[in-house]
2 protein chains.
Amino acid sequence: MTVTRADVARYAGVSPAVVSYVVNDGPRPVAAATAAKVREAIEVLGYRPNTTAQALRRGSSRLIGHVVPDLSNPLWAQFALAVDDVAAQRGYDVLLASTDGGAEAEHRRIDTLAARGVDALILTSVLARPDLVDHTRPGVPLVLLNTFFEVPGLPSLGVDAFGGARTGTAHLLAHGHGPVGLVIGGEAGELREQGWRAAARDAGVAAGPIARGEFSRHGGLEAGSRLLGGPDRPRSVFVSSDLQAVGVLRAAAELGLRVPQDLAVVSFDGTVETEFTNPQLTTVRQPVAAMARAAVARVLDPGTGEERQVLPAELVVRASCGC
Amino acid sequence: MTVTRADVARYAGVSPAVVSYVVNDGPRPVAAATAAKVREAIEVLGYRPNTTAQALRRGSSRLIGHVVPDLSNPLWAQFALAVDDVAAQRGYDVLLASTDGGAEAEHRRIDTLAARGVDALILTSVLARPDLVDHTRPGVPLVLLNTFFEVPGLPSLGVDAFGGARTGTAHLLAHGHGPVGLVIGGEAGELREQGWRAAARDAGVAAGPIARGEFSRHGGLEAGSRLLGGPDRPRSVFVSSDLQAVGVLRAAAELGLRVPQDLAVVSFDGTVETEFTNPQLTTVRQPVAAMARAAVARVLDPGTGEERQVLPAELVVRASCGC
DNA sequence: CTGAAAGCGCTTACAG
DNA sequence: CTGAAAGCGCTTACAG
């Protein structure tokens, strides 16, 4: 059997309450000598408080629920890791739920996390659908991590996607290769697309062709093949995620195009793998650690201000843009 | 406030016990009419049993603790995902702990997971050090997932690293480029190294040069640069992980070596990203899903036989070997 | 400074 | 078929 507080009390010759006072350093004072006896008993017996019992009694699990679409996407993995780090620093464990990206699975996971009594919920999701509110718990603070836009009624936090895309595209345009193509996932007209368009407008250059594909390596490969396989292929392309950019590099290779000589590429996200692609990717980096820190603070520190928090993206220049 | 069993009982006009009988479908029978009333009350009030209270009472959390070295390594992320999937199918949630790869952090995480009352522990780790046993919990079944060798006193499960490395190296040797180099992490003399050596012996060819480096893209880059930068560089190389192989590809690119023309490469692990490297990597794939399934079964189904279970690796032929 | 007792929300023997 | 009661391991007012 595992050792309980009662065992410690018996061994130390004190009441169970005193054991709690020592373990929690309060709320009642304990004589130094008594405390020493208790600590020795704890040491000898190897006592660890039962977190489940504490959670039930305190009404707090010291657990944060974190929902991500798909852990096999390095970006989500990076978010998971960052949230875990920050949470650990504050004495919280993270209950992570990967959902395959479906809204229904996501809702189900939110429900089970809530039933687990998590103290807070972080949703790193692309799906900020309105029916999400139905799965919200009154007592459980929640934040959407990594949304690009304001979500009515829900606190959210994300990178400046418009600015990031504009910067990335502008950098490409500055190389003077003319119109910049776009490989992008998600719904038409989202912020990265707007940023890409704005950069063209700023430069007085026509917007390049668009190819849409899933947010995956495969999606990037397909969209890239379409974009680059046609007659009027652009000399440069902005890609809405690193994962897709990896697919675009593959598409370029299959078509015999050299990057950056025949095709300049800038991607979005800034995950580690971009440092090791061939060539290394110039990318617009999301400040993942800062975002995770902000998200955890948002959800753990009550009344942390505004509903929507935007963090800046940063251009990381490497080889794929032809600099 | 969240709704409790007592609320449901009051609403349905029955005793709290009956609510439990309905929710758990036992252990006492309930009249159909009564059950219907209870179910309606549950529906109307939106009742969900408090998992924490259930855990405390049952002495079982329906939680599996899973320790991985580093979630930013796609292989570990894939294991995390696979374990999560299998566990979910069996009604378990997974408490995931990423450890930065250090033994001390790993032990600490094991302790906190145990304090959380996990029903079982899966350690996906490279560190099967003897002092691990000290952090084992008597009542908590445990399995080491992804160890290559037998660990005395601890049930473990892993791929046939020796066979996999031998197969991968043999495939390279069959191309007739002479001695095959090795880029490898971990301790000298481990099973992949032995397999690589055995393949050379089988073929009657001398073993090629070895370069050691961390199990990371960076480690592969450094080791690869050393191996390929010297005067007597091998024409082909076996790499002990995909991550390192990505680094080796980068090293080759920096040295102006074409893969596979100047250098043939085979790696180990078979994560998704190998399909999108440039060129696509020929790799020895670990059966991650099957391993996760076996690990969960090992730890949830009591008395599932042997202490050590080995699963076969499979060669996936793509472009980097020059086929 | 220390201890006896209530109660967190459940499950489940036990009695009716 | 239904209910009153004990108890899982804690925290924390309350009393001494």
Side-chain angles (χ1 to χ4, degrees), chain A residues 1-39 41-42 45-63 91 114-119 137 139, chain B residues 1-39 41-42 45-63 91 112 114-119 137 139-140:
Chain A
M1 271 321 297
T2 87
V3 12
T4 74
R5 189 189 54 147
D7 300 325
V8 175
R10 204 174 308 118
Y11 187 96
V14 299
S15 81
V18 172
V19 177
S20 283
Y21 300 153
V22 172
V23 168
N24 302 324
D25 200 20
R28 301 285 94 205
V30 175
T34 314
K37 273 194 305 188
V38 171
R39 264 187 268 275
I42 288 175
L45 301 177
Y47 168 70
R48 299 272 322 237
N50 178 319
T51 339
T52 304
Q54 289 180 315
L56 181 59
R57 180 52 230 246
R58 288 183 174 144
S60 153
S61 57
R62 302 234 122 207
L63 222 42
R116 285 274 177 203
V118 296
D119 289 349
R137 287 298 178 293
Chain B
M1 273 318 299
T2 88
V3 12
T4 75
R5 190 189 55 148
D7 300 324
V8 175
R10 204 173 309 117
Y11 187 97
V14 300
S15 82
V18 172
V19 177
S20 282
Y21 299 152
V22 172
V23 167
N24 302 323
D25 201 20
R28 302 283 94 206
V30 175
T34 314
K37 273 193 306 187
V38 171
R39 262 186 269 275
I42 289 174
L45 301 177
Y47 168 70
R48 300 270 322 235
N50 178 321
T51 340
T52 305
Q54 288 179 317
L56 180 59
R57 179 53 231 247
R58 288 183 175 146
S60 152
S61 58
R62 300 233 121 209
L63 222 41
T112 72
R116 285 271 177 205
V118 297
D119 290 348
R137 289 296 177 295
V140 184

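Here is how names work: the chains are called A, B, and so on, in the same order as the sequence lines, proteins then strands, and each is numbered from 1.
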Value in whole Å for how far the [atom2] atom of [N] lies from [atom1] of [X]:
X      : N      : atom1 : atom2 : value
B/D7   : C/dC10 : CG    : P     : 9 Å
B/R116 : D/dC10 : CZ    : P     : 14 Å
B/I42  : C/dC10 : CD1   : P     : 10 Å
B/R10  : D/dT2  : CZ    : P     : 19 Å
A/N24  : D/dG9  : CG    : P     : 17 Å

Show me the donor-acceptor pairs, under 3.5 Å and distance only, between side chains in residues 47-54 of chain B and residues at least two apart or in other chains.
residue : atom : partner : partner atom : Å
B/N50   : OD1  : B/T52   : N            : 2.7
B/N50   : OD1  : B/A53   : N            : 3.0
B/T51   : OG1  : A/A115  : O            : 2.2
B/T51   : OG1  : A/R116  : N            : 3.4

For B/R10, side chain to side chain contact (heavy atoms under 4.5 Å, CB included) partners two or more places apart: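 Result, side chain to side chain contact (heavy atoms under 4.5 Å, CB included) vs B/R10: B/A6, B/D7.
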Residue [X], side-chain atoms from C-beta onward, closest of [options]:
X     : options               : value
B/V18 : D/dG3, C/dT12, D/dC10 : D/dG3
A/S15 : D/dC1, C/dG3, C/dC10  : C/dG3
B/P29 : D/dG9, D/dT2, C/dT12  : D/dT2

Using the 3.5 Å cut-off, write out each protein N or O paired with an N or O of nucleotides 13-16 of chain D and the distance between them.
residue : atom : partner : partner atom : Å
D/dA13  : N6   : A/Y21   : OH           : 2.6

Pairing stems for DNA chain D [at least three consecutive pairs; Watson-Crick or G-U; under 3.5 angstrom]: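 In DNA chain D, stems of three or more pairs: C:1-3 with D:14-16, C:5-12 with D:5-12, C:14-16 with D:1-3.
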Under 3.5 Å donor-acceptor, A/S61 side chain and A/A55 backbone: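 Not at all, since once roles are kept as given, no pair shorter than 3.5 Å links the two residues.
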In residues 19-31 of chain B, what donor-acceptor pairs under 3.5 Å come from side-chain atoms, sequence neighbours left out?
residue : atom : partner : partner atom : Å
B/S20   : OG   : B/R5    : NH1          : 3.4
B/N24   : ND2  : B/S20   : O            : 3.3

Check each residue of residues 46-56 of chain B for a non-hydrogen atom within less than 4.0 Å of any atom in DNA chain D, then write out the ones that pass by number, or none.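 Residues of residues 46-56 of chain B under 4.0 Å from DNA chain D: B/L56.
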I need the residues from residues 31-38 of chain A with at least one non-hydrogen atom less than 4.0 Å from DNA chain C; give them sorted by number, or say none.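 Contacts with DNA chain C under 4.0 Å: A/A31, A/T34.
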Which residues pass the side chain to side chain donor-acceptor pair (under 3.5 Å) test with B/S60, sequence neighbours left out?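 So B/S60 forms a side chain to side chain donor-acceptor pair (under 3.5 Å) with B/D119.
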